[in-house]
Amino acid sequence: MPVPPDLRALLDAFFAPAPGAGPLALLHAAAELRARSSGALTSGAMFELQRPLVGGPWCPRLFGPIESLRCGCGRLVGPEHRGETCEGCHVLCTDEPLRDRRVAHLEVSFGLVHPALAPRIADLLGLDFDELRAVLLGEAVFLADGQLVAHEHHGIDWDDEMSYETGVAAIRRRLATAVDPELAAAGLSATALVLTSVPIPPPGERPLVHSPHLDEDRWFRELWSVQVGRDNEAIAALAARALRSERLLELGAPKILLDRDCAEAQQDFEAMLELLARPSDDPGRAPDPRLSGWRPAPHLGDDADHVPGAPYRFRLAGAPPVSEADDRDTHHRAPLRPEVPRACVLADGDRALIQLGYALLLVHWPTGHVLWVMPAAEARLLGARGDWALFGAKYGRQLDAEDPTLLHGLYALDLSSGTWLEGPYPDHLPAIFVEKGEPEDAWLSDWRGQRGAPGAEDLSGDRPDEWARSPDHRFVWMSSSPDDGAVLDSERGVAVLMISQMREPAADDVPTVALTGPERDENGEIEHQVAPGIALARVGEEWRILVPGGLLRRDGQVALEFTEAAIEGASFDSAGARLLLVNREALHVVEVERGQLLGQLDLRPLGPALALPECVPEALADLVLAHHGTLAAALTQPDDALRALGLDDEQLAALRAERPPPLPGQLDSTCP
């Protein structure tokens, strides 16, 4: 259904103004569209599980239901519910074509300049068009004396004390003192030429596209048929950048970051206007032929129990797979020494989960009682919530080629029973983590793999990785090195802490806690260390950060120093009140508020039970322990199971002749 004539005129006046139209016509169209808006965008993400996301550019709450006489979640279906708003999804159930005439808006309090208004702004400020655009993009700056110079001007001594202005903020400040007679007669100030609200046209103006494929089949249609087009991509990019900039303003970010983000938002705004000024059937608005803008969606299948339109409940694949012997050189994730910690976490109920080289160990740390031991996963321990521990594969998640409802790469372990979940992923568990495509590429996404945090890739550095995360998974320490990078807000992709600003040493009067374990070398490391022990948590408004070197910072100040031994793994509990510190010789639990050591366990008795057997080649011994955790557990398996791992009869006989010590059921505990 075509857009109503009055709305069509307003959209054309804003997105494709006539050459002779003055600024008043465009400002009037912008104000009228803002008055008609159904609400503001709160996200740049469009689709997840083939469903439009709330607050995004295709939100059914803002623009109306996707299907006639059906709300978003399927609670209200049929003509008897016409005109009702669903209490669950808040989508109106109607058969009216709302998505062809409803508009939304995007708040941009920092301001954007419409290219059609730029000539009037340039005239008021005594600039030409190129100079104005250079200021908006941060390529030219106003010095303290009002002189306009290029940002890279070689005749100026740029230093930290240099005072200058650039970007839209500089333009708005100068417009505040300018007078435009035409605008004044209409009751407007010159600052009205800088827009603080951008209209978002109805989805009917930017439809989805489906391009048939020569080899198209049911799998192709279900998985790849949603192509949003470059026009929708441009709107999503502007929304993500604008929301990120708004968050930076709220956080009081440094001026250089604000200027950069505002300049990029201006570029995204101009790109969006250029695309939406074209007819809706223009090839330039279609999806990129290189698949840019395609949004993979999971296959829904023909399950009779599945409610059409409802999110599909992914099943997880149980235990993480173990690489075959010939792939261990590239996929091996355990250290050369099996007692070296890889990760740890404090779970509810005074339990500590430690991921060693080849074993997962759950202990009750106040008493030292070993609750259970099982083979270590090749996936990385991400955190714990209640009775569940979460693990993620190094390179992200993927759907199973045979069963598209089966999700690999994310794993949930039941701590009460030591069994892996094979079923729907529990919705109450967080799972925001770093995806990696190539070594140089990384981004944040949730467990569905559909919603990346906007802007996160801008701060990840070269060959980025995840080093730590808060217990609630809200904040992720992501960088190419644990000594640098940033802590990111996983919901917005905004850097909230820069690690480079946390390098000052501890003062002489800072309290210390002596740890037990191997000493650090001159670089603060020990042999075969997987990663430095670092951790982060946010308690109320206070940041608690354990940085490399054993310094615990609270609200930007060093509050506690750990001495005498290296830290190989660290984690806060869910409340951020206790800190777990692990190395290959001991486990320590520290109360953060008082800086007091609550408990300590001696891990050295684990070493002999986890040792690699010398009777078989290292690669095969490595594979045996990867499957069974310890040699004692492997020897409980039948011969055929061990031969399947690659052992020959001679190696098997030698292995059976081994008398490995069992894992202790109780660790020596020292509690004050």
Item checked: Note, L69 side chain near V77 side chain (heavy atom, < 4.5 Å) -> no

Check: Looking only at heavy atoms, what is the nearest atom pair of P119 and A116, with distance?
Finding: CD-O, 3.7 Å

Next item on the list: With rounding to the nearest 0.5 Å, note down the distance linking CG in L92 to CZ in R61.
Entry: 13.0 Å

Note to self: What's the separation between atom CG in L125 and atom CG in L193, rounded to the nearest 0.5 Å?
What the structure shows: 9.5 Å

Next item on the list: Compare all side-chain heavy atoms of P57 with those of L41 and state whether any distance is below 4.5 angstrom.
Entry: yes

Check: Can D95 and R70 be counted as an ion pair, charged N to O under 4.0 angstrom?
Finding: no

Check: Can you name the closest pair of heavy atoms from V194 and G111 and give their distance?
Finding: CG1-CA, 3.6 Å

Item checked: Partners meeting salt bridge (charged side-chain N to carboxylate O under 4.0 Å, His left out) with R75 (sequence neighbours left out) -> none

Item checked: L536 vs V487 side-chain heavy atoms within contact, under 4.5 Å -> yes

Next item on the list: Identify the heavy atoms of L33 and F14 that sit nearest to each other, and give their distance.
Entry: CD1-CB, 4.2 Å

Margin query: My understanding is that only residues two or more places apart in sequence, or in another chain, count here; which of them pass salt bridge (charged side-chain N to carboxylate O under 4.0 Å, His left out) with R538?
Written below: E541

Notebook entry, point to check: With sequence neighbours left out, which residue pairs that include part of residues 127-138 fulfil the side chain to side chain donor-acceptor pair (under 3.5 Å) condition?
Noted result: R133-E270

Item checked: V476/W467 under side chain to side chain contact (heavy atoms under 4.5 Å, CB included): CA gap, chis, key distance, verdict -> CA-CA 8 Å; V476 179; W467 297 99; over 6 Å; no

Margin query: Less than 4.5 Å apart, side chain to side chain, heavy atoms only: is that true for L53 and C59?
Written below: no

Check: side chain to side chain contact (heavy atoms under 4.5 Å, CB included) between D259 and K255: does it pass, once the steps are laid out?
Finding: CA-CA 6 Å; D259 290 342; K255 180 177 178 297; 2.8 Å; yes

Item checked: Minimum side-chain heavy-atom gap H90-V54 below 4.5 Å -> no

Next item on the list: Supply the atom-to-atom distance L112 CG to C262 SG, rounded to the nearest 0.5 angstrom.
Entry: 8.0 Å

Next item on the list: Using a 4.5 Å cut-off on heavy atoms from C-beta on, say whether the side chain of E264 contacts that of L137.
Entry: no

Would you list the atom pairs, donor with acceptor, under 3.5 Å between side chains in residues 21-28 and any protein atom, with sequence neighbours excluded?
none

Check: Roughly how far, to the nearest 0.5 Å, is the CG atom of L148 from the CG atom of L132?
Finding: 10.0 Å

Check: Does W477 reach the side chain of I545, with side-chain heavy atoms less than 4.5 Å apart?
Finding: yes

Check: Which residue pairs pass the side chain to side chain donor-acceptor pair (under 3.5 Å) test when at least one of the two sits in residues 7-18, sequence neighbours left out?
Finding: R8-D12, R8-E205

Note to self: Taking side-chain hydrogen bond (donor to acceptor under 3.5 Å, both in side chains) as the definition, give me every residue that meets it alongside R174, ordered by chain and number, with sequence neighbours left out.
What the structure shows: E165

Next item on the list: Could you pull out the closest heavy-atom pair between L195 and A192, with the gap in Å?
Entry: CD2-O, 4.3 Å

Notebook entry, point to check: With distance as the sole test, does S38 use its side chain to make a donor-acceptor pair with the main-chain N or O of L62 at under 3.5 Å?
Noted result: yes

Check: Do the non-hydrogen side-chain atoms of F142 and T166 ever get within less than 4.5 Å of each other?
Finding: no

Notebook entry, point to check: With sequence neighbours excluded, what pairs up with S470 under the side-chain hydrogen bond (donor to acceptor under 3.5 Å, both in side chains) test?
Noted result: D472

Next item on the list: Might you point out which heavy atoms bring V103 and P201 nearest each other, and give the distance in Å?
Entry: CG1-CA, 4.4 Å

Notebook entry, point to check: Of all residues at least two apart in sequence or in a different chain, which pass the ring-ring contact (aromatic ring centres under 6.0 Å, His included) check with F475?
Noted result: W543

Check: Who are the side-chain hydrogen bond (donor to acceptor under 3.5 Å, both in side chains) partners of S68, not counting sequence neighbours?
Finding: none

Check: If you measure from CZ on F269 to CG on L238, what distance do you get to the nearest 0.5 Å?
Finding: 7.5 Å

Item checked: By side-chain hydrogen bond (donor to acceptor under 3.5 Å, both in side chains) - contacts of T196 (at least two apart) -> none

Next item on the list: Check for a donor-acceptor pair, side chain of Q266 on one end and backbone N or O of V113 on the other, with a separation under 3.5 Å.
Entry: yes

Note to self: Could you check whether E96 pairs with R82 (Lys NZ or Arg NE/NH1/NH2 to Asp/Glu carboxylate O, under 4.0 Å)?
What the structure shows: no

Checklist line | Lys NZ or Arg CZ of R206 over F63 ring: under 6.0 Å, within 45° | finding: yes

Next item on the list: Show your working on side chain to side chain contact (heavy atoms under 4.5 Å, CB included) between V149 and V141 and close with a plain yes or no.
Entry: CA-CA 6 Å; V149 299; V141 302; 3.8 Å; yes

Notebook entry, point to check: So which heavy atom on P202 is nearest to which on L11, and how close?
Noted result: CD-CD1, 4.0 Å

Check: Quick one: CG on L175 to OG1 on T191, what's the gap to the nearest 0.5 Å?
Finding: 7.0 Å

Next item on the list: Verify side chain to side chain contact (heavy atoms under 4.5 Å, CB included) between R247 and D261, making sure each step is shown before the conclusion.
Entry: CA-CA 11 Å; R247 182 58 177 160; D261 267 52; over 6 Å; no

Notebook entry, point to check: Do the side chain of R285 and the main chain of R230 share a donor and acceptor less than 3.5 angstrom apart?
Noted result: no

Check: Does A13 have any side chain to side chain contact (heavy atoms under 4.5 Å, CB included) partners at least two apart in sequence or in another chain, and if so, which?
Finding: A29

Next item on the list: Determine which pairs satisfy side chain to side chain donor-acceptor pair (under 3.5 Å) with at least one residue from residues 106-116, sequence neighbours left out, and list them in order.
Entry: R34-E107, H105-E107, S109-E246

